[in-house]
Amino acid sequence: MKEKNKVYLLLVILMILIFLCKLILNVKTLNYKLKYNKETFSISETYKNKNYYIEIKYLDKVYPIRINSDKNKRKIVNKIYSYKDNDYECILPLINDEIKIDILCYKDNILYNYKDIIGLNSKLDEYIKNIGEYEIDKFSDNISVDKTINTIKYYKNNIVDRIVAITTYKGLIISGMGIELFKNDVYNNKISAFVDNYYLIANYDNIYDFDYFYVVNLTTRNIEKIKLKDRISLDSYIQGIVDNKVYLYDKDNEKQYKIDVIKKEIDLISLGDNIKYYKNNKWEFINKSKANKEIYFDYTSLSNNFTDYDQVKESDYYYYLFKKIDDKYNLYRVDKNNLGVYKYIGNIPTLSINTKDNYIYYVYNNKLYYYSDNTGLKTLLEDAELSFNNTIKYYIY
């Protein structure tokens, strides 16, 4: 082998080894102990895909926590306050000296945020008053300041570092800025989807079929087009989204397409039968007669484990469990990394929630709400259209 080829081969091997090392480091679980106020806590910490999964063990209880972060540091839990009495066991972890989540409390083997049990235990309330770093307002709904733009009332104190997009008859409103895509009003925007920080929608100015998609960048507000080789019928539907790729089935022409919104590319992947279908975290195939019935991708994989609940919804990290109480639902959450811990999220009036990362969103009457462990339950905006127009789509980025 020539000397030049040997050097090239060694460089390739070195690059592969570096990549593998980085991959291993990114998913490595670090176990360590932390002592604070004469208490000892056992901590397990894993970083993967810009997300920390942390388990803190205090006494005989385990507290699962997720934190989003672009930086992969180690031993990010550096202080933990703790409390115990006959009714409650609680911890407040500080992540890099900051309060990222609410105080977590166990009662009757259910995990609660302190915001949801405040006032139920005077001794616990008194203990928490003495924690200087803690502010309950951080996890409270703050609708004291609002601003109305294009008939939509935004609650400004609850929209921090968020892009809020809502579809309209003419196009889209992004955080108060209107974007017009169509000449005429569109009352059914079925062929549309939000993917990462993009909004994809068919050109609805045509009547029967279309020859391009609009792609709106939610961050920059730029509008681009994905042009088609063959026209697609407006009697089509989006089957689902997998790995940020949109899958569309054209019922009139019996064709299936895969759309890469980020690269602005579209590929014909099936003609006739053998249509790709995503179910239980894997691909299978269905025939055109089933596809014509508008069968949507099924992302649920373990709902049979939660038979005592009225409904189960799955996201990348969690299972959300609904239990009907009178005319509302107690919403619980189970982390996929620990199916034994049930966390109470809140009492909400609907089964229809959307999920993204560590967030959930839902509409009730004319308001859009969201929840995360970082924020608590908050009201994002109010829009009269939300009360009677179920074709409106919303997205928070």
Take Leu248 and Tyr237 through the side chain to side chain contact (heavy atoms under 4.5 Å, CB included) test and state the conclusion after the steps. CA-CA 6 Å; Leu248 176 144; Tyr237 69 100; over 6 Å; no
Given side chain to side chain contact (heavy atoms under 4.5 Å, CB included), test Asp185 with Lys170 step by step and report yes or no. CA-CA 5 Å; Asp185 287 348; Lys170 282 286 200 298; 2.6 Å; yes
Determine, stepwise, if the pair Val261 / Asn244 fulfils side chain to side chain contact (heavy atoms under 4.5 Å, CB included). CA-CA 8 Å; Val261 178; Asn244 282 341; over 6 Å; no
Please walk me through it: do Lys227 and Asp211 pass side chain to side chain contact (heavy atoms under 4.5 Å, CB included)? CA-CA 6 Å; Lys227 295 184 178 180; Asp211 58 355; over 6 Å; no
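Checked by atom type, the side-chain pair Ser42/Lys33 shows a donor-acceptor distance below 3.5 Å. A donor-acceptor contact closer than 3.5 angstrom is absent between the side chains of Glu45 and Tyr53. For the residue pair Ser372/Thr375, the side-chain donor-acceptor check at 3.5 Å is satisfied. A donor-acceptor contact closer than 3.5 angstrom is absent between the side chains of Tyr88 and Asp108. No hydrogens or angles considered: nothing links the side chains of Asp335 and Asn338 as a donor-acceptor pair under 3.5 Å. Looking at Asn366 and Asp383, their side chains never bring a donor and an acceptor atom within 3.5 Å of each other. Counted by atom type alone, Glu385 and Tyr169 present one or more donor-acceptor pairs between their side chains at under 3.5 Å. Using a 3.5 Å distance cut-off with no hydrogens or angles, the side chains of Tyr155 and Glu382 do pair a donor with an acceptor. The closest side-chain donor-acceptor pair between Thr46 and Thr29 falls under 3.5 angstrom. A donor-acceptor contact closer than 3.5 angstrom is absent between the side chains of Asp298 and Asn280. A donor-acceptor contact under 3.5 angstrom links the side chains of Lys343 and Asn113, judged on distance only. Checking Asn354 against Tyr359 by side-chain atom types alone, no donor-acceptor pair falls below 3.5 Å. Side-chain contact of Asp252 with Ser233: a donor-acceptor pair under 3.5 Å is present, judged by distance alone. Between the side chains of Asn358 and Asp373, no donor N or O sits under 3.5 Å from an acceptor N or O. Defined by atom type and a distance below 3.5 Å, a donor-acceptor pair is missing between the side-chain atoms of Asn142 and Asn158. A donor-acceptor contact closer than 3.5 angstrom links the side chains of Thr379 and Asp141.
The environment of CD in Glu284 is crowded: more than 12 heavy-atom neighbours from other residues, nucleotides or ligands sit within 6.0 Å. Around NZ of Lys57, the count of heavy atoms belonging to other residues, nucleotides or ligands within 6.0 Å does not exceed 12. Around the NZ atom of Lys100, the shell of radius 6.0 Å holds no more than 12 heavy atoms that belong to other residues, nucleotides or ligands. Atom CZ of Phe388 is surrounded by more than 12 heavy atoms from other residues, nucleotides or ligands within 6.0 Å.
Checked by atom type and distance alone, the side chain of Asn389 pairs as donor or acceptor with a backbone atom of Thr391 at under 3.5 Å. Within the 3.5 Å criterion, the main-chain N or O of Ile152 finds no donor-acceptor partner in the side chain of Asn150. Of the possible polar contacts, none joining the Thr355 side chain to the Ser315 backbone as a donor-acceptor pair under 3.5 Å is found. Between the Arg333 side chain and the Leu331 main chain, no donor and acceptor come within less than 3.5 Å of each other. The backbone N or O of Ile262 lies less than 3.5 Å from a partner atom in the side chain of Asp260, making a donor-acceptor pair. Listed for the Asn217 side chain is no donor-acceptor partner under 3.5 Å among the backbone atoms of Tyr198. In this structure, the side chain of Asp243 does not engage the main chain of Lys245 through any donor-acceptor pair within 3.5 Å. A donor-acceptor pair under 3.5 Å links the side-chain atoms of Tyr299 to the main chain of Ile241, judged by distance alone. Between the side chain of Ser270 and the main chain of Asp273, a donor-acceptor pair closer than 3.5 Å is present. Checking side-chain atoms of Tyr204 against main-chain N and O of Ile191 turns up a donor-acceptor pair under 3.5 Å.
Side-chain rings of Tyr344 and Tyr332 approach one another, their centers coming within less than 6.0 Å.
Stacking of Lys323 on the aromatic ring of Tyr309 is recorded, both the 6.0 Å distance cut-off and the 45° axial limit being met. Under the 6.0 Å distance and 45° angle rule, Lys336 counts as a cation-pi partner of Tyr319. A cation-pi contact links Lys225 to Tyr212, judged by a cut-off of 6.0 Å to the six-membered ring centre and 45° from its axis.
Closest heavy-atom contact between Tyr154 and Ser175: OH-C, 3.9 Å. When all heavy atoms of Ile101 and Leu92 are compared, the closest pair comes out as O-CD1, 3.8 Å. Considering all non-hydrogen atoms of both residues, Asp250 and Arg231 come closest at OD2-O, 4.4 Å. Here the shortest heavy-atom pairing between Ala165 and Leu172 reads CB-CD1, 4.4 Å. Across every non-hydrogen atom of Lys378 and Asp137, the tightest pair is NZ-O, 4.3 Å.
Distance check: Ile360 CD1 to Tyr318 OH gives 11.0 Å after rounding to the nearest 0.5 Å. The CD1 atom of Ile179 sits 9.5 Å away from atom OG1 of Thr168, with the distance rounded to the nearest 0.5 Å. Taken from OG in Ser236 to CZ in Phe210, the straight-line distance is 6.0 Å, to the nearest 0.5 Å. Atom CD1 in Ile95 sits 12.5 Å away from atom NZ in Lys79 (nearest 0.5 Å). The CD1 atom of Ile136 sits 9.5 Å away from atom CG of Asp125, with the distance rounded to the nearest 0.5 Å.
Applying side-chain contact (heavy atoms from CB on, under 4.5 Å) to Ile275 and the options Glu254, Lys290, Gln256 leaves one that passes, Gln256. Of the candidates Tyr114, Tyr134, Tyr112, Asp102 forms a side-chain hydrogen bond (donor to acceptor under 3.5 Å, both in side chains) with just one, namely Tyr134. With Tyr247 as reference, Trp283 is the one residue of Tyr296, Tyr277, Tyr257, Trp283 to meet the ring-ring contact (aromatic ring centres under 6.0 Å, His included) rule. Results of the side-chain contact (heavy atoms from CB on, under 4.5 Å) test with Pro64 over Val341, Ile54, Ile56 single out Val341 as the only residue that passes. Here the rule is side-chain contact (heavy atoms from CB on, under 4.5 Å) with Tyr199, and of Ile201, Val195, Asn197 only Ile201 fits it. Checked options Tyr58, Tyr81, Phe41; the residue passing with Tyr36 is Tyr81 (criterion: ring-ring contact (aromatic ring centres under 6.0 Å, His included)).
In summary, Lys251 and Asp235 engage in a salt bridge, as defined by a charged side-chain N under 4.0 Å from a carboxylate O.
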